[in-house]
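Notes follow the structure.
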Amino acid sequence: MNIFRHFETRIEAALNALVAEGTLPSGLDFSRIAVEPPRDASHGDLSTNAAMVLSKPAGMNPRALAEKLVEKLKSEAAVTEVTIAGPGFINLRLTSEIWLGGILDVLAAGAAYGASTLGAGKNVNVEYVSANPTGPMHVGHVRGAVFGDALANLLEKVGYRVCREYYINDAGGQIEVLARSAFMRYREALGETITIPEGLYPGDYLVPVGVALAKTHGDKLLKAPDTEWLPVVRDTTMAMMMDLIRGDLAVLGIVHEVFFSERTLHQNGAVEAVLKLLDEKGLIYTGVLERPKGDASEDWEERPQTLFRSTQFGDDQDRALKKSDGSWTYFAPDIAYHYDKFQRGFTTLIDVWGADHSGYIKRVKAAVAAITDNQAEIDVKVCQMVRLFRDGEPFRMSKRAGDFITLRDVVDEVGKDAVRFMMLTRKNDASLDFDFAKVMEQSRDNPVFYVQYAHARICSVLRNAAEQGIDIAEASLAKADLSLLKDEAELALVKQMGAFPRAIEQAAQAHEPHRIAFALNDLAASFHGLWNKGKDEPGLRFILADNRDVTIARLTLIRAAALVLSAGLGVLGVKPAEEMR
RNA sequence: GGUCCCGUAGCUCAGCUGGAUAGAGCAUCGGAUUUCUAAUCCGACGGUCACAGGUUCGAAUCCUGUCGGGAUCACCA
């Protein structure tokens with residue numbers, strides 16, 4: 001049971017009762033009412049702003065309204081005290097039984113703890129990574145990949161049906177460049193000595209592609225004209241690059257359900273179709289864009305182009321759909337792509353992009369609004385840059401060919417779990433510092449370690465208990481007398497666990513998985529604090545030789561805490577550590 | 001120049017979609033260990049929430065403007 005959600009409904013019931021007896025007018029909007037933990041725990045267990053929010057529409061003084069509401073809430077089960085504070089906050093204090101009961105919920109739910117039906121099975125499409133298929137993924141892709149994946153997990157956790165999607169940019173000019181680069185490697189594989197010309201991809205990840213081409217085609221392609229070998233080489237290369245990328249993503253534990261090819265949109269006429277749709281709405285014209293202000297470059301020239309009236313949907317400028325030579329811009333198939341998502345039944349779209357694409361948000365939102373007649377909502381999450389540090393020193397990747405840090409480099413050095421957690425310790429729209437040393441550091445300062453250590457510590461205590469012959473089977477723990485948990489720090493931990501489902505829901509609604517990382521850090525802090533309290537007061541230790549019942553109750557408590565930690569880590573895609581070594 | 005993001009303690013950052021006396025970690029200072037792993041914990045110190053207006057019962061949070069930092073810009077993808 002989500003205690004906050006439970007009391008939300010109880011408060012609404014109380015308000016409805018007040019409406020029924022004429023104390024409050026009907027037709028009030030309850031949507032802004034919040035039930036939350038008070039900022040200061042001394043105020044109580046729960047706090048609601050109901051009286052303040054409803055005061056104006058009800059035409060009542062907030063405190064007077066609060067008093068009426070308090071009358072109703074006093075009789076509520078599990079409520080021990082109701083007070084009015086400040087401008088009209090209503091603070092509730094609950095029995096410790098109801099909080100302690102939450103421990104059983106955790107045990108019953110296990111790693112699924114915090115799951116809810118908020119999303120009601122609604123389809124959500126999360127598009128993330130979508131890196132150009134021209135080589136292995138580099139470190140710059142990692143944050144968006146982890147963010148998108150954790151967000152997808154989070155939405156699934158609260159009951160959405162999530163489609164994880166990757167848009168393959170396999171139609172642009174860079175694909176031909178890639179194919180030509182692979183062709184060089186093909187010649188190399190046939191025994192030629194090659195030098196990769198300027199402008200082609202020099203990376204040696206194409207060497208296996210050349211070998212594969214040579215194996216399949218022998219020297220047949222050498223004699224063929226461009227028009228013949230190019231499609232062959234392109235398709236083979238693309239397939240191998242996507243395998244490479246899927247492998248990279250797998251290293252991070254990421255698996256997409258749908259890989260959507262841009263090229264298919266050109267081939268099946270979807271781009272023309274969506275342009276026709278926009279044209280019928282009168283949103284397309286031929287015109288000339290103005291020179292961007294502040295652009296003093298020489299090579300600017302006026303060009304008549306096919307333009308989309310994105311300014312009608314909040315964009316700053318109309319946007320080109322065709323280049324001056326009549327071919328499509330990148331934007332045109334992208335509209336078709338988003339329309340395709342809509343046609344596949346998605347009315348909630350989330351795109352995860354890097355900071356370098358932020359200038360693209362308005363036009364895509366405009367396009368989605370236009371083609372779906374505002375029937376779909378799209379949220380574009382931009383992940384700001386990751387700055388890399390080694391031992392506190394920033395370092396940049398040089399642009400020189402081949403000299404970039406790959407996703408695999410990072411994962412090989414610090415491990416999948418550390419990378420994933422660290423990437424989620426900032427909100428997406430703030431830039432993030434990633435220090436290789438800090439991620440591996442075993443200290444309070446490193447949240448990756450700190451949270452893992454809390455979990456491992458609990459596992460360690462449970463192992464010790466088992467060695468001492470204490471039955472820690474789930475079924476036995478479920479029968480513990482939890483009323484023996486009386487210490488303030490114990491109850492604080494229990495309340496924090498009880499608030500966890502709420503944290504999950506709010507993170508999901510805000511599309512902000514980083515909040516889970518912070519909630520876990522807080523939970524770990526409460527546990528470490530409790531553990532250490534047992535040092536000062538031996539009577540508070542988890543395992544007491546002379547009191548089996550209290551021991552069982554405490555082991556149940558920390559077992560539940562471990563489950564909550566692993567539930568949260570699960571959302572982040574991080575495996576909880578059983579021990580630290 | 002336009003657009004987007006950021007600006008909160010000396011440093012790195014949270015701040016629950018507008019709530020109560022703005023919170024953590026690091027650093028500094030003072031404490032706790034024959035350990036259920038001290039790889040941890042407890043306490044103290046530390047703030048004009050960049051600045052100026054506005055909206056209202058109430059603003060770090062929303063709006064306008066200014067300043068500072070970053071990203072980005074028309075036929076690349």
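Since the model is a prediction, treat every value here as computed from it, not as a measurement. Reminder, nothing fancy here: chain letters follow the sequence lines and each chain counts from 1.
Among the nucleotides G25(B), U17(B), C75(B), the one closest to any side-chain atom of E36(A) is U17(B). For R32(A), the listed nucleotide lying nearest its side chain is G58(B); candidates were G15(B), A71(B), G58(B). Among the nucleotides U12(B), C75(B), A77(B), the one closest to the side chain of Q305(A) is C75(B). For A430(A), taking side-chain heavy atoms from C-beta onward, the closest of the listed nucleotides U17(B), U40(B), A14(B) is A14(B). You'll find that the side chain of R457(A) is closest to U40(B), out of U40(B), C75(B), A20(B). Closest to the side chain of S358(A), from the set C36(B), C4(B), A74(B), is C4(B). Distances from the side chain of R319(A) to the nucleotides A20(B), A74(B), U40(B) place A74(B) closest. Taking the side chain of D536(A) as heavy atoms from C-beta on, and the options A32(B), C36(B), A74(B), the nearest nucleotide is A32(B). Among the nucleotides C36(B), G15(B), A71(B), the one closest to any side-chain atom of V461(A) is C36(B). Out of C4(B), C57(B), A60(B), the shortest distance to the side chain of K362(A) is found at C4(B).
Among the atoms of the strands shown, only primed sugar atoms or phosphate atoms (P, OP1, OP2) are found under 4.0 Å from some heavy atom of R426(A). Contact annotation for G88(A): no contact, since no heavy-atom pair falls under 4.0 Å across all strands. At the heavy-atom level, R444(A) lies under 4.0 Å from the strands shown only through sugar-phosphate atoms. Among the atoms of the strands shown, base atoms are found under 4.0 Å from some heavy atom of S460(A). Residue contacts for A320(A): at a heavy-atom cut-off of 4.0 Å it reaches the sugar-phosphate backbone alone, with no base atom in range. Among the heavy atoms of the strands lying under 4.0 Å from Y360(A) is at least one base atom, whether or not backbone atoms are also near. Within 4.0 Å of Q468(A), counting heavy atoms only, lies no atom of the nucleic acid at all. Residue contacts for R387(A): at a heavy-atom cut-off of 4.0 Å it reaches no nucleic acid atom on any strand shown. Within the 4.0 angstrom heavy-atom criterion, base atoms lie near A510(A). Among the protein residues, A456(A) comes within range of the nucleic acid bases, having at least one heavy atom under 4.0 Å from a base atom. Residue-level contact check: H357(A) touches the bases, meaning some heavy atom is under 4.0 Å from a base atom. Across all strands, G534(A) comes closer than 4.0 Å to base atoms (heavy-atom distances). Nucleic acid contact class of Y330(A) (heavy atoms, under 4.0 Å, all strands): base. Residue E441(A) is classed as having no contact, given no heavy-atom separation below 4.0 Å to the nucleic acid.
Residue side chain D170(A) does not reach the base of A77(B) through any donor-acceptor N/O pair under 3.5 Å, judged by distance alone. Residue side chain N532(A) reaches the base of U40(B) through a donor-acceptor N/O pair under 3.5 Å, judged by distance alone. With hydrogens and angles left out, the side chain of S47(A) and the base of A20(B) share a donor-acceptor pair within 3.5 Å.
Each of H511(A) and Q384(A) was matched to the nucleotide of RNA chain B holding its nearest heavy atom; the match closer to the 5' end belongs to Q384(A). Along RNA chain B, the nucleotide closest to K427(A) and the one closest to K535(A) are compared, and the more 5′ of them pairs with K427(A).
G18(B): no Watson-Crick or G-U partner with both key distances under 3.5 Å is found in any strand. For A60(B), there is no paired base (Watson-Crick or G-U wobble, both distances below 3.5 Å). Partner assigned to G68(B) is C6(B), using Watson-Crick or G-U wobble distances below 3.5 angstrom. Under the Watson-Crick or G-U wobble criterion, with both distances below 3.5 Å, U34(B) has no partner in any strand shown. Nucleotide G1(B) has C73(B) as its partner under the Watson-Crick or G-U criteria, with both atom distances under 3.5 Å. Across all strands shown, A27(B) forms no Watson-Crick or G-U wobble pair with both distances under 3.5 Å.
Using a cut-off of 4.0 Å between Lys/Arg side-chain N and Asp/Glu carboxylate O, K533(A) and D487(A) are scored as salt-bridged. With respect to E490(A) and R554(A), a salt bridge is recorded, a charged nitrogen being found less than 4.0 Å from a carboxylate O. R180(A) has a carboxylate O that lies under 4.0 Å from a charged side-chain N of E176(A), or vice versa, which qualifies the two as a salt bridge.
Shortest non-hydrogen contact noted between A524(A) and L565(A) is N-CD2, 4.5 Å.
A donor-acceptor distance shorter than 3.5 angstrom exists from the side chain of T329(A) to the backbone of A320(A), with no hydrogens or angles considered.
Using C1' as the reference atom, C51(B) and A60(B) are 14 Å apart when rounded to the nearest Å. On the P atoms, U17(B) is 23 Å away from C13(B), given to the nearest whole Å. A distance of about 8 Å separates the C1' atoms of A22(B) and C49(B), rounded to the whole Å. Spacing between C5(B) and C63(B) at atom P, rounded to whole Å, works out to 10 Å. A gap of 13 Å separates the C1' atoms of A24(B) and U8(B), to the nearest Å. Across the C1' atoms, G18(B) and U55(B) are found 11 Å apart, a figure rounded to whole Å. On the C1' atoms, C57(B) is 47 Å away from A32(B), given to the nearest whole Å. The gap from the C1' atom of C29(B) to that of G46(B) amounts to 12 Å, rounded to the nearest Å.
Judged purely by distance below 3.5 Å, without hydrogens or angles, the side chains of Q496(A) and S526(A) pair a donor atom with an acceptor atom.
Between R363(A) atom CZ and U72(B) atom P there is a gap of 14 Å when expressed in whole angstrom units. One can place NZ of K56(A) at 7 Å from P of U56(B), the figure rounded to the nearest angstrom. Taking atom NE2 of H514(A) as the reference point, atom P of U17(B) lies 12 Å away to the nearest angstrom. Atom-to-atom, CD1 of I472(A) to C1' of C36(B) comes out at 13 Å; the value is rounded to the nearest Å.
For the pair R319(A) and F331(A), the cation does not sit on the ring face, since its NZ or CZ is not both under 6.0 Å from the ring centre and inside 45° of the axis. Annotation: cation-pi geometry satisfied between K322(A) and W328(A) (NZ/CZ under 6.0 angstrom from ring centroid, within 45° of ring axis).
Distances shorter than 4.0 Å separate none of the side-chain N or O atoms of H528(A) from OP1 or OP2 on G25(B).
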**Request:** Just do the side chain to side chain donor-acceptor pair (under 3.5 Å) check on H338(A) and D351(A) with the steps written out, would you?
**Result:** CA-CA 10 Å; H338(A) 282 87; D351(A) 288 2; 2.6 Å; yes
**Asked** Between S443(A) and D445(A), is a side chain to side chain donor-acceptor pair (under 3.5 Å) present by the stated rule, with each step listed?
**Response** CA-CA 5 Å; S443(A) 78; D445(A) 200 22; 5.2 Å; no
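With centres under 5.5 Å and a plane angle under 30°, the ring of W531(A) is stacked against the base of C36(B).
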